[in-house]
Amino acid sequence: MASNAPAVDHFRGEDFSTLLDETLGRDTGFDGSVVTGRVLRLTDEFAIVDVGLKSEGRVALKEFGVPGAPHEVQPGDVIELYVERYEDRDGSIVLSREKARREEAWTSLEKAFEANQRVNGTIYGRVKGGFTVDLGGAMAFLPGSQVDIRPVRDAGPLMGTPQPFQILKMDRARGNIVVSRRAVLEETRAEQRSELIQGLKEGMILDGVVKNITDYGAFVDLGGVDGLLHVTDIAWKRINHPSEALQIGQQVRVQVIRFNSETQRISLGMKQLEADPWEGVAIKYPPGARYSGRVTNITDYGAFVELEPGVEGLVHVSEMSWTKKNVHPGKIVATSQEVDVMVLDVDSSKRRISLGLKQVQRNPWEVFAEEHRIGSTVEGEVRNVTEFGLFIGLSADIDGMVHMSDLSWDEPGETAMARFEKGQVVQAKVLDVDVEKERISLGIKQLAEDPAADTLTRVNKGQIVTCTVTAVQSNGIEVKVDEVLTGFIRRAELARDKGEQRPERFAVGERVDAKVVSVDRASRKVQLTIKGREMDDDKQAISDYGSADSGASLGDILGAAIRRRNQTEV
């Protein structure tokens, strides 16, 4: 008995070892497989799990739950686990919940990829060029260009939210998965677009998101289809650029103004959802009424003034100032400036209001006419010297003009102007004020009495006067009557005989008798004739001393007349 025992024990030991190796094996075959186990207990770092093998396994607690969230596992939970190593140096089975989920996920994802189906996932991290997505245990890469249809400035709201993705590429051997959120959105957008286009009608009110902003308007995403919101349809008030009222990503409510089913172009409006401020404008803003407004825009031809939100009027450049002519409106008013204006005209059908800026101030020419009567004396600075006269500054805004003919009673205009220069302070008399034409006529020579006034009262048409030659010209001679009144005798009027009608036979300073043909008291000039005086003398001599018909010769008659005149002068 004793001799047989060791043999039996030796056999049994070898048999048990062989049996165990055959059953489990040194390479058990469990490594890399997925098994089902029950959670027995939890430690600070691990979950102890019974997987039905010779020893218990452990799984790190951090592998339970979504990345960044606390673990979700309790004793008694039945879970699937991945066997990393059948036995470590401590004799424990090393398990992984994360790898089990990954294996399970990969199998499911491959089926979805082959069927071109969407998968659900959660964006949980940011990496270079994009984001990481948890697809139920399998990690995928989401490129930045595949996040949305349009660039996303802030991806914060997308993080941690379960949402669908489309698998673009996957390689299980390398563990690479590339997904797209944009492909899902575009597919959904196409479905929504088709549905929206079919039911779209003018007048419909829709909600949308501002997709893009341009100089002329904004494109609004209506959910699969874009519509144009023109800058003039954003609000009733003037908007110079859409960015003043809108920003990208803003939720807006719009109305379909026009829809072309062939081109699928949609025109939208926001202001159409509000009351039209132009209703009743003609009653509210009658011509002649004064209002305060704000300058909203300045152009080359005037300035727009907002009377109330959505109601603007134009102040034409000609209605901006009584005195500032041919200047840019920007030199008179500034954008956002508060101004007082007068309503000049209202055209409700064309949505136009004509305003006046100068009308709220008194016309400076009317003020001048009230304060300075004709004949009053004013003083001012010579602001400009022109070819035809002087401009005298009468106030900060208005000038008066002295024509060259009103500078001197005696001197020619060109000669008199040489005595004046810019900046010189002079006095003048008010001759005329034309408020409509905005003209003030002044005179400097009128400050003194007209030296020819007395002569003008005495000289009449047909009168014989003695005058002095002051200038000899090719077409006649210039003379002075009483040394103060200028007269002129034309060449044809210098003598009765044509042979004597030569201006050069007269000398400056010579005194001659002439007959007055006409008197222009306004210009202080007379027209004279020597020929007419001689013919009058002939007629008188014939009347006094006989006629040729009575037998007397013309020489006898004129000789007698001359002798009588000489005797009378003696």
Side-chain angles (χ1 to χ4, degrees), residues 216-217 229-246 255 257 269-372 394-399 433-440:
Y216 54 85
L229 176 60
H230 196 270
V231 63
T232 57
D233 290 312
I234 295 176
W236 290 109
K237 68 177 182 179
R238 175 182 293 274
I239 294 179
N240 295 318
H241 195 275
S243 59
E244 296 177 9
L246 301 172
Q255 185 178 51
I257 302 175
M270 284 179 62
K271 72 179 185 182
Q272 286 76 6
L273 299 177
E274 302 174 354
D276 186 353
W278 279 86
E279 292 182 2
V281 161
I283 299 175
K284 190 173 182 180
Y285 299 100
R290 297 187 180 190
Y291 296 92
S292 294
R294 181 178 63 89
V295 178
T296 58
N297 191 32
I298 297 175
T299 67
D300 292 337
Y301 54 84
F304 288 91
V305 176
E306 183 182 63
L307 301 176
E308 65 175 84
V311 178
E312 288 184 343
L314 172 66
V315 180
H316 193 268
V317 63
S318 62
E319 306 295 344
M320 301 196 80
S321 173
W322 290 110
T323 56
K324 296 177 181 178
K325 309 293 184 181
N326 301 321
V327 298
H328 192 275
K331 294 184 178 180
I332 301 176
V333 295
T335 304
S336 298
Q337 179 182 346
E338 293 289 334
V339 294
D340 291 330
V341 292
M342 177 181 288
V343 178
L344 304 181
D345 183 56
V346 178
D347 189 335
S348 299
S349 61
K350 294 182 179 180
R351 293 176 176 266
R352 293 178 181 174
I353 299 180
S354 298
L355 303 174
L357 191 64
K358 69 182 183 182
Q359 284 79 2
V360 298
Q361 303 172 355
R362 290 202 63 190
N363 186 334
W365 280 273
E366 288 183 354
V367 175
F368 183 88
E370 291 177 4
E371 297 178 352
H372 301 85
L394 302 176
S395 69
D397 298 321
I398 62 175
D399 295 341
V433 179
D434 191 329
V435 175
E436 282 191 18
K437 294 183 179 179
E438 298 179 349
R439 293 177 182 174
I440 299 175

> In this structure, which one of Arg351, Arg352, Arg238 forms a side chain to side chain donor-acceptor pair (under 3.5 Å) with Glu312?
Replying inline: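 In the set Arg351, Arg352, Arg238, the residue that makes a side chain to side chain donor-acceptor pair (under 3.5 Å) with Glu312 is Arg238.
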
Does a side-chain heavy-atom distance below 4.5 Å link [X] with [Y]?
{"X": "Asp397", "Y": "Trp365", "value": "no"}
{"X": "His241", "Y": "Val231", "value": "no"}
{"X": "Leu229", "Y": "Met270", "value": "yes"}
{"X": "Val341", "Y": "Leu307", "value": "yes"}
{"X": "Leu355", "Y": "Val343", "value": "yes"}

Judged by atom type as modelled, is there a donor-acceptor pair below 3.5 Å linking the side chain of [X] to the main-chain atoms of [Y]?
{"X": "Trp322", "Y": "Gln361", "answer": "yes"}
{"X": "Lys271", "Y": "Thr232", "answer": "yes"}
{"X": "Trp278", "Y": "Lys350", "answer": "no"}

Can you give me the closest heavy-atom contact between [X] and [Y], atom names plus distance?
{"X": "His316", "Y": "Met320", "answer": "O-CG, 3.2 Å"}
{"X": "Asp434", "Y": "Lys437", "answer": "OD1-N, 3.1 Å"}
{"X": "Lys358", "Y": "Ser318", "answer": "NZ-O, 3.2 Å"}
{"X": "Ala303", "Y": "Val333", "answer": "CB-CG2, 4.0 Å"}
{"X": "Ala245", "Y": "Ile234", "answer": "CB-CG2, 3.9 Å"}
{"X": "Asp347", "Y": "Ser349", "answer": "OD1-OG, 2.6 Å"}

> Cut-off 3.5 Å, side chains only: do Tyr285 and Glu308 have a donor facing an acceptor?
Replying inline: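 A pair is found: one side chain offers a donor N or O, the other an acceptor, under 3.5 Å apart.
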
> When you check the gap from the basic side-chain N to the acidic O, do Glu244 and Lys237 get nearer than 4.0 Å?
Replying inline: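 Answer for the salt bridge query: no.
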
Calculate, to the nearest 0.5 Å, the distance between atoms [atom1] and [atom2] belonging to [X] and [Y] respectively.
{"X": "Ile298", "Y": "His328", "atom1": "CD1", "atom2": "NE2", "value": "7.5 Å"}
{"X": "Asp276", "Y": "Glu274", "atom1": "CG", "atom2": "CD", "value": "10.5 Å"}
{"X": "Asp399", "Y": "Arg439", "atom1": "CG", "atom2": "CZ", "value": "14.0 Å"}
{"X": "Asn297", "Y": "Ile239", "atom1": "CG", "atom2": "CD1", "value": "13.0 Å"}

> Counting only heavy atoms not in Glu338, do more than 12 sit closer than 6.0 Å to its CD atom?
Replying inline: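 Yes, enclosed.
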
> Is the count of non-hydrogen atoms from other residues, nucleotides or ligands lying under 6.0 Å from Ile283 atom CD1 greater than 12?
Replying inline: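 Atom CD1 in Ile283 is not packed in, count stays at 12 or less.
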
> Is the Phe304 ring parallel, tilted or perpendicular to the Tyr301 ring (thresholds 30°, 60°)?
Replying inline: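 Geometry flag for Tyr301 against Phe304: perpendicular rings.
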
>> Which residue in the set Leu357, Val315, Val360, Ile332 passes side chain to side chain contact (heavy atoms under 4.5 Å, CB included) when paired with Val339?
In response: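 When Leu357, Val315, Val360, Ile332 are each tested with Val339, the side chain to side chain contact (heavy atoms under 4.5 Å, CB included) holds only for Leu357.
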
